[in-house]
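See below for the structure under consideration.
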Amino acid sequence: MDGRPSQSGTFIPGQNTDFALDAYDTKGQGILRTRVPKGTYLLETPVQTRKGTQADPDTRKGVTWGFSAGQHQPGSGDDSLEVIFNEPTPKAYQRGKTYTQTFNVGVFSPKINTYNTARRSGNDLSFCIAEYTDGAGNIGLSTVTKQQTRVTADGKKLLNSEEGLCQDVYGLPSKSAAYRISTDATRSTKVAGVTTRLTAAWTFRSKKTPADNYTVLPLSSVRFAPKLDLHSRAAAGKKLTVPLTLQGPAAKSFKSLSVQVSYNGGKTWSKAPVLTNKSKRTLSLSHPKKATSVSLKAKLTDRQGNTYQVTIVKAYLLK
């Protein structure tokens, strides 16, 4: 990204690999770490996989593996990570076949699924959403320069935090109220050249729920999946189709979706019509020849009136 390429690792069970692969198998084996050349990106595996050694993980029936990748600060001498991604669903692998996993390529934005959402128990709220999930759907967390996360009920502030979208709020009002969960995060171009600023907000109504269980709240999201290179770039002066995916209640209870695009870092915006063909939604963008980035803004509403709004400054770059 922005001169710092992301990692697309090729993994061949039972053969040599140049990458250290992060692996969590169903037997819970330990993890050994090694640096990728130039010390910028980290992949891990329970088998040491320096160049010329054997990577031979368990490929027996019923054993699944989940991979992840982490980005080190250039020149750092420790194991601290600026960015980390986890593959959402472990998979089974067959010996002798080749598998490719791509991490840390845009568009980075919040993802909603069974685990990344908000829940309420009685008058307590718990939410945990990975803001920087990458374009392949790998759950992502990133170092930020600053971030402000808020929760309000009928406009009354319940939470005002400088932390990310993984928080608990206690003592919610029992009566039905209009809730808003929002975050505004900025990260340095030294960490990533894309999604340099991310704002996201969800609105919904909620009231007291049974305290003996968690009730999932109606949060949705829209994800952008353009085909990008390993630097999160597409071609300037060309057209590009951007597939859209709806997540959460809006995927089945869809009411409306509007998208805007900016080619000057979010200074000005223009409408980007959403095209629908057999329930598949896409954008068709025409990149200006002299533009260097594409920013995206969207508002998604379900039939119950719950909304999701997101702005992604420098969603991807142009070359």
Side-chain angles (χ1 to χ4, degrees), residues 22-24 26 64-70 83-92 101-121 124-142 147 149 151 163-169 179-183 185 195 198-206 209 213-226 242-255 257 259 274 279-282 296 298-312 315:
D22 172 37
Y24 300 91
T26 53
T64 57
W65 295 81
F67 295 90
S68 71
V83 185
I84 188 167
F85 298 93
N86 292 296
E87 183 185 16
T89 305
K91 302 181 183 71
Q101 298 284 77
T102 301
F103 297 89
N104 208 14
V105 173
V107 172
F108 301 91
S109 66
K111 175 179 182 176
I112 297 294
N113 61 12
T114 302
Y115 306 103
N116 289 266
T117 189
R119 298 174 176 83
R120 179 169 180 162
S121 176
D124 297 334
L125 170 67
S126 178
F127 59 94
C128 202
I129 302 164
E131 305 101 304
Y132 291 97
T133 296
D134 69 14
N138 300 300
I139 304 299
L141 300 174
S142 176
Q147 186 164 7
T149 299
V151 177
E163 302 297 325
L165 281 172
C166 201
Q167 309 254 2
D168 296 312
V169 182
Y179 284 83
R180 188 175 191 268
I181 299 173
S182 65
T183 198
T195 308
L198 172 71
T199 65
W202 293 263
T203 65
F204 56 92
R205 295 198 67 85
S206 178
T209 62
N213 203 354
Y214 277 101
T215 300
V216 177
L217 298 173
L219 273 58
S220 295
S221 67
V222 56
R223 300 268 299 151
F224 303 89
V242 180
L244 307 176
T245 301
L246 306 187
Q247 299 173 331
K252 294 183 177 180
S253 181
F254 172 79
K255 180 180 180 181
L257 172 63
V259 179
V274 177
S279 75
K280 293 184 178 180
R281 297 177 176 87
T282 60
L296 296 166
K299 182 177 180 180
L300 174 63
T301 306
D302 68 19
R303 287 198 291 266
Q304 286 66 49
N306 308 304
T307 69
Y308 168 64
Q309 295 185 71
V310 65
T311 300
I312 310 164

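Numbers for residues simply follow the sequence, beginning at 1.
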Inset, instruction - Calculate, to the nearest 0.5 Å, the distance between atoms CG and CD1 belonging to L300 and I112 respectively. - result: 10.5 Å
Inset, instruction - Mind checking side-chain contact (heavy atoms from CB on, under 4.5 Å) for Y214 and listing every partner two or more places apart, or none if nothing turns up? - result: R119, S121, S126
Inset, instruction - Side-chain contact test, heavy atoms from C-beta onward, threshold under 4.5 Å: evaluate it for R205 versus Q304 and give yes or no. - result: no
Inset, instruction - For the pair N116 and I139, evaluate side-chain contact (heavy atoms from CB on, under 4.5 Å) and give the outcome as yes or no after the intermediate values. - result: CA-CA 9 Å; N116 289 266; I139 304 299; 3.7 Å; yes
Inset, instruction - Please name the pair of heavy atoms, one in G140 and one in F85, separated by the smallest distance, quoted to 0.1 Å. - result: CA-CD2, 3.5 Å
Legend entry - Contact summary for L198 and T195, nearest pair of heavy atoms: CB-CG2, 4.0 Å
Legend entry - P249: side-chain contact (heavy atoms from CB on, under 4.5 Å) partners, not counting sequence neighbours: P218, S220, D302
Legend entry - Flag side-chain contact, heavy atom, 4.5 Å: Q167 against F127: yes
Inset, instruction - Would you give the length of the straight line joining atom CZ of R223 to atom OG of S109, rounded to the nearest 0.5 angstrom? - result: 4.0 Å
Inset, instruction - Could I get the full list of side-chain hydrogen bond (donor to acceptor under 3.5 Å, both in side chains) partners for T149, not counting sequence neighbours? - result: T183
Inset, instruction - For the pair L125 and L217, evaluate side-chain contact (heavy atoms from CB on, under 4.5 Å) and give the outcome as yes or no after the intermediate values. - result: CA-CA 9 Å; L125 170 67; L217 298 173; 3.5 Å; yes
Legend entry - Which atom of R303 lies closest to which atom of K255, heavy atoms considered: N-CB, 3.9 Å
Inset, instruction - With sequence neighbours excluded, tell me which residues meet side-chain hydrogen bond (donor to acceptor under 3.5 Å, both in side chains) with S142. - result: R187
Inset, instruction - Give, for atom NZ of K111 and atom CG of D134, the distance between the pair rounded to the nearest 0.5 Å. - result: 8.5 Å
Inset, instruction - Kindly indicate whether the side chain of L219, heavy atoms from C-beta on, has any atom under 4.5 Å from the side chain of P110. - result: no
Legend entry - Those residues that, when tested against F204, pass ring pair (Phe, Tyr, Trp, His ring centres under 6.0 Å) (two or more places apart): Y179
Inset, instruction - List for me each residue that meets side-chain hydrogen bond (donor to acceptor under 3.5 Å, both in side chains) alongside T282, sequence neighbours excluded, and say none if there are none. - result: none
Legend entry - Residue list, side-chain hydrogen bond (donor to acceptor under 3.5 Å, both in side chains) with T133, at least two apart or on another chain: none
Inset, instruction - Nearest 0.5 Å please: distance from the CG atom of L246 over to the OG atom of S253. - result: 11.0 Å
Legend entry - Listed partners of Y132 passing ring pair (Phe, Tyr, Trp, His ring centres under 6.0 Å), at least two apart: none
Inset, instruction - For side-chain contact (heavy atoms from CB on, under 4.5 Å), just list the numbers for N104 and N138, CA-CA rounded to whole Å, side-chain angles, deciding distance to a tenth of an Å, and then say yes or no. - result: CA-CA 8 Å; N104 208 14; N138 300 300; over 6 Å; no
Inset, instruction - Kindly write out the residues that satisfy side-chain contact (heavy atoms from CB on, under 4.5 Å) with L244, not counting sequence neighbours, or none if the list is empty. - result: V222, F224, V242, L257, V274, R281, L283
Inset, instruction - Could you tell me the separation between the OG1 atom of T215 and the CZ atom of R120, rounded to the nearest 0.5 Å? - result: 9.0 Å
Inset, instruction - Evaluate whether atom CD of E163 has more than 12 neighbouring non-hydrogen atoms of other residues, nucleotides or ligands under 6.0 angstrom away. - result: no
Legend entry - Partner set under side-chain contact (heavy atoms from CB on, under 4.5 Å) for K299, not counting sequence neighbours: S258, T301, T307, Q309
